Amino acid sequence: MLKRKGYRSFDSFEPAKTGEPYFEYGGVNYIMTRQAKEAPNPDYTDPNHFREIIKGFSAFHKAASFGELREFSDFCGKNTTESFKAQELRLKKLKRLVYRKKRLDDIDYMFLKNYEYYYRLTREALEGLCGLGYDKEDAEAFRQGTMAVNNADEETMLLYPDGLYFTELLKLTIAPRLEDLRLIINRYLKKCFKPEISVCEIVRLYSEKNPLTERQLKLLYYLLLFPERYIKTYSDYYQKGHVFTPVYVKEAVNKIVAEQEKNYIYISELIK
């Protein structure tokens with residue numbers, strides 16, 4: 001990884017506590033270990049691989065709880081409810097932007113057609129998170145020193161016979177473990193139009209080493225309900241100088257809308 005980033009001074013290093021060469025580069029700490037054996041990246045579309053992803057994140061969250069330390073204050077992540085509120089305002093601004101246009105195109109009509117539905121989902125998710133006190137999860141994560149990976153890309157994981165290994169942890173923050181669960185479930189639903197593993201099985205596998213409370217299951221439901229992907233797609237199109245072609249946006253939005261009902265039914269199992 002250091003070589004890929006352009007680091008060349010391997011002849012100058014400090015020994016880590018375990019004796020391996022230790023380097024600091026670009027504000028990130030690296031420990032050089034023996035060459036790892038080749039291993040594939042996990043595949044979200046393979047049920048067995050996805051089960052290993054779930055168990056890997058569960059084990060990581062259980063191990064990466066270091067207690068409240070002053071040094072960890074620099075690792076605090078974003079406040080999710082505040083981020084969602086900002087996205088709600090962005091969605092409302094996009095509506096005003098479209099209404100001010102003198103001439104509407106197909107994408108504008110698509111946006112207005114679906115606006116009320118997605119705004120309702122946005123409000124329901126926010127009210128649920130605030131009503132259940134999601135901010136308490138942030139406070140508890142800081143008290144426990146719980147680290148979240150904040151990255152669900154399969155390219156940042158390797159699947160060995162004894163389980164999942166993370167190859168990049170550059171996005172680590174102190175955050176509720178529900179944040180990582182939201183990422184991997186959303187990615188699973190994006191990759192698999194017909195998911196073979198139910199959300200209840202995901203929770204069961206995760207909870208084998210790291211149980212979730214009934215309240216946390218409801219919070220996870222509201223996190224998954226929030227239409228972040230929908231808002232981001234339109235926001236990128238309208239507010240970034242139309243860097244995406246209309247054809248791409250149409251296809252992306254149609255895909256999101258087509259999957260919405262399926263995904264809603266899927267995650268609703270969390271609160272039954």
Side-chain angles (χ1 to χ4, degrees), residues 1-5 7 24-31 33 36 38-66 72-84 86-87 134 137-138 141-142 144-160 162-192 195 197 199 202-203 205-206 209-210 212 216 219-220 223-224 226-233 235-236 263 267:
M1 185 185 297
L2 280 167
K3 286 183 178 178
R4 292 202 305 268
K5 293 177 179 292
Y7 187 79
E24 189 279 330
Y25 181 64
V28 179
N29 298 325
Y30 297 88
I31 294 179
T33 59
E38 289 295 323
N41 300 119
D43 181 358
Y44 274 82
T45 63
D46 184 316
N48 291 326
H49 284 203
F50 185 56
R51 289 185 179 95
E52 292 301 322
I53 291 175
I54 298 164
K55 291 189 285 187
F57 271 89
S58 176
F60 177 89
H61 292 152
K62 192 167 184 64
S65 294
F66 303 105
F72 283 179
S73 60
D74 293 337
F75 284 91
C76 287
K78 65 182 180 180
N79 183 293
T80 298
T81 51
E82 292 303 315
S83 173
F84 282 4
Q87 291 184 63
Y134 187 70
E137 294 294 312
D138 287 314
F142 183 79
Q144 295 286 347
T146 302
M147 308 299 287
V149 177
N150 290 306
N151 193 341
D153 295 351
E154 50 269 67
E155 293 82 6
T156 64
M157 312 172 204
L158 293 175
L159 192 57
Y160 286 92
D162 60 341
L164 187 76
Y165 284 69
F166 296 97
T167 60
E168 288 191 22
L169 297 173
L170 302 182
K171 295 183 180 180
L172 278 180
T173 61
I174 291 180
R177 51 201 173 122
L178 297 179
E179 298 289 342
D180 279 345
L181 274 171
R182 172 170 69 106
L183 288 180
I184 63 173
I185 293 173
N186 276 334
R187 192 164 185 82
Y188 179 58
L189 292 175
K190 184 179 178 181
K191 294 275 185 178
C192 304
I197 300 177
V199 73
I202 292 174
V203 169
L205 286 169
Y206 183 91
K209 292 185 177 179
N210 213 348
L212 295 166
Q216 287 173 326
L219 287 170
L220 179 59
L223 287 172
L224 293 167
F226 189 84
E228 191 169 21
R229 185 174 156 209
Y230 180 86
I231 296 173
K232 186 179 186 305
T233 300
S235 181
D236 286 345
N263 291 350
I267 66 172

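Because the structure is predicted, anything quoted here is derived from the model rather than measured.
- A heavy-atom distance below 4.5 Å is not found between the side chains of Leu158 and Leu164.
- Of all non-hydrogen atoms in Phe50 and Ile184, the two that sit nearest each other are CE1-O, 4.0 Å.
- Residues that satisfy the side-chain contact (heavy atoms from CB on, under 4.5 Å) test with Asn186, not counting sequence neighbours, are Arg182, Leu224.
- Glu168 places none of its side-chain heavy atoms less than 4.5 Å from the side chain of Glu155.
- When side chains are defined from C-beta on, Phe226 counts as touching Ile231, because their heavy atoms get closer than 4.5 Å.
- With contacts defined as side-chain heavy-atom distances shorter than 4.5 Å, the pair Phe84/Glu228 qualifies.
- Across all non-hydrogen atoms, the minimal contact from Leu178 to Leu220 is O-CD1, 4.1 Å.
- Under the 4.5 Å side-chain criterion, counting only non-hydrogen atoms from C-beta, Tyr188 is not in contact with Ile53.
- Between Leu172 atom CG and Phe166 atom CZ the span is 9.5 Å, to the nearest 0.5 Å.
- When the side-chain hydrogen bond (donor to acceptor under 3.5 Å, both in side chains) test is applied to Asp180, the partners found at least two apart in sequence or on another chain are His61.
- Side-chain N or O atoms of Asn151 include one that pairs as donor or acceptor with a backbone N or O of Asp153 at under 3.5 Å.
- The two residues Pro176 and Ala141 make their nearest non-hydrogen contact at N-CB, 3.7 Å.
- Residues meeting the side-chain hydrogen bond (donor to acceptor under 3.5 Å, both in side chains) test with Thr156, sequence neighbours left out: none.
- Looking at Glu52 and Met157, their side chains never come closer than 4.5 Å, going by heavy atoms from C-beta outward.
- Taking CZ of Arg229 as the reference point, atom OG1 of Thr233 lies at 6.5 Å (rounded to 0.5 Å).
- Residues Leu212 and Leu181 meet the side-chain proximity criterion, which asks for heavy atoms closer than 4.5 Å.
- The shortest non-hydrogen separation linking Pro195 to Cys192 is CD-O, 3.5 Å.
- Applying the side-chain contact (heavy atoms from CB on, under 4.5 Å) criterion to Glu154, with sequence neighbours excluded, gives Pro42, Tyr44, Arg187, Lys191.
- The side-chain contact (heavy atoms from CB on, under 4.5 Å) test applied to Pro47 returns Arg51, Glu196, Ile197, not counting sequence neighbours.
- How far CZ of Phe60 is from CZ of Arg177: 13.0 Å, rounded to the nearest 0.5 Å.
- Nearest heavy atom pair, residue Thr81 against residue Asn79, reads OG1-OD1, 2.7 Å.
- No option in Asn150, Thr173, Thr80 other than Thr80 meets the side-chain hydrogen bond (donor to acceptor under 3.5 Å, both in side chains) test with Glu179.
- Scanning for side-chain contact (heavy atoms from CB on, under 4.5 Å) contacts around Ser58 gives Tyr206, Lys209, Asn210, with sequence neighbours left out.
- One finds the CG atom of Asp138 at 11.0 Å from the OG1 atom of Thr146 (value rounded to the nearest 0.5 Å).
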